[in-house]
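These figures come from a predicted structure and were not determined experimentally.
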Amino acid sequence: MKKVLGRVDKIDFPELHLNNIDVKIDTGAYTSAIHCSKIKEVNGKLYCTFESKGHPNFNGKEVIFENYSFTDVKSSNGHRENRYKIKTTAIFFGKSYKINLTLSTRDDMKFPVLIGRQFLKQKFLVDVDLENQSFKHTANEHCHSFA
């Protein structure tokens, strides 16, 4: 049975050293994207810094990727952009999922991460009346484990 997500949530990305990150569940987007403030490619490795003034949980740590690719992403206004794509792990409802994320500059956006259909399909349903379903589930599990 598919779990139900709301329109926004707080998710952990352990391999990126990012916890309680605000994500927008975006069924209008095909790909998922994460804000990356600095990206540089050196000797076949991708160096990414996840830092954002508006999002204190983006801690400014640099993460190095040896496996990455490029993909064309079409924005909602029809503009095409070639972006780096990485594969990492996201935690939803206490469970690890592999996720492809394109790297973009989303500093001016309310949510540093968008979760798109490519990831959501065959795993989750989205109820736009709800919020933070995974975060609440995880918080409840932590409360029960101390009882």
**Student:** Classify the angle between the aromatic ring planes of Y97 and F119 as parallel (below 30°), tilted (30 to 60°) or perpendicular (above 60°).
**Tutor:** perpendicular
**Student:** Do any N or O atoms from the side chain of N57 and from the backbone of N19 form a donor-acceptor pair under 3.5 angstrom?
**Tutor:** yes
**Student:** So, does N59 use its side chain to make a donor-acceptor pair with the main chain of K61 at under 3.5 Å?
**Tutor:** yes
**Student:** Does a donor on one side chain sit under 3.5 Å from an acceptor on the other, for K98 and T89?
**Tutor:** yes
**Student:** Taking all heavy atoms of N100 and all of S32, pick out the closest pair and write down the distance.
**Tutor:** O-CB, 3.6 Å
**Student:** To the nearest 0.5 Å, tell me how far Q133 CD sits from I25 CD1.
**Tutor:** 10.5 Å
**Student:** Please tell me whether F70 and V63 are part of a single hydrophobic cluster in this structure, the criterion being side-chain heavy atoms less than 4.5 Å apart.
**Tutor:** yes
**Student:** Specify the closest pair of heavy atoms between Y68 and I86, including all atoms of both residues, with the distance to one decimal.
**Tutor:** CB-CG2, 4.3 Å
**Student:** Students often mix this up, so state it plainly: with edges at 30° and 60°, are the rings of F92 and F124 parallel, tilted or perpendicular?
**Tutor:** tilted
**Student:** In terms of the angle between their ring planes, are F58 and H55 parallel, tilted or perpendicular, with boundaries placed at 30° and 60°?
**Tutor:** tilted
**Student:** Could you tell me which non-hydrogen atom of I91 sits nearest to which non-hydrogen atom of S134, and how far apart they are?
**Tutor:** O-OG, 4.2 Å
**Student:** Do L18 and F93 belong to the same hydrophobic cluster, where Ile, Leu, Val, Met, Phe, Trp and Tyr are linked whenever their side-chain heavy atoms lie under 4.5 Å apart, directly or via other members?
**Tutor:** yes
**Student:** Rounded to the nearest 0.5 Å, how far does NZ of K136 lie from NZ of K10?
**Tutor:** 11.5 Å
**Student:** Drop me the distance from Q118's CD to L101's CG, to the nearest 0.5 angstrom.
**Tutor:** 10.0 Å
**Student:** So which heavy atom on G28 is nearest to which on R117, and how close?
**Tutor:** O-NH1, 3.3 Å
**Student:** Hydrophobic clustering (ILVMFWY, side-chain heavy atoms < 4.5 Å, transitive) - are I34 and F135 grouped together?
**Tutor:** no
**Student:** Answer yes or no: does atom CG of N67 have more than 12 heavy-atom neighbours from other residues, nucleotides or ligands under 6.0 Å?
**Tutor:** no
**Student:** Can any side-chain N or O of S37 pair as donor or acceptor with the backbone N or O of T49 at less than 3.5 Å?
**Tutor:** yes
**Student:** Using every non-hydrogen atom in the two residues, find where H35 and F50 come nearest and quote the distance to one decimal.
**Tutor:** O-CD2, 3.3 Å
**Student:** Just verifying a value: how many Å separate K40 NZ and E62 CD, rounded to the nearest 0.5 Å?
**Tutor:** 4.5 Å
**Student:** Got F65 and L16 here, is their nearest side-chain heavy-atom distance under 4.5 Å?
**Tutor:** yes
**Student:** Quick one: pull up CD1 in I11 and CG in L5 and give me the separation to the nearest 0.5 Å.
**Tutor:** 7.0 Å
**Student:** Quick one: which of V126, D9, D26, L120 gives a side chain to side chain contact (heavy atoms under 4.5 Å, CB included) with I115?
**Tutor:** L120
**Student:** Does K74 NZ have over 12 foreign heavy atoms under 6.0 Å away?
**Tutor:** no
**Student:** Atom CZ in F111, atom CZ in R7: separation rounded to 0.5 Å?
**Tutor:** 7.0 Å
**Student:** With a 4.5 Å heavy-atom cut-off, do S52 and P112 have their side chains touching?
**Tutor:** no
**Student:** Can you name the closest pair of heavy atoms from I39 and L103 and give their distance?
**Tutor:** CD1-CB, 3.8 Å
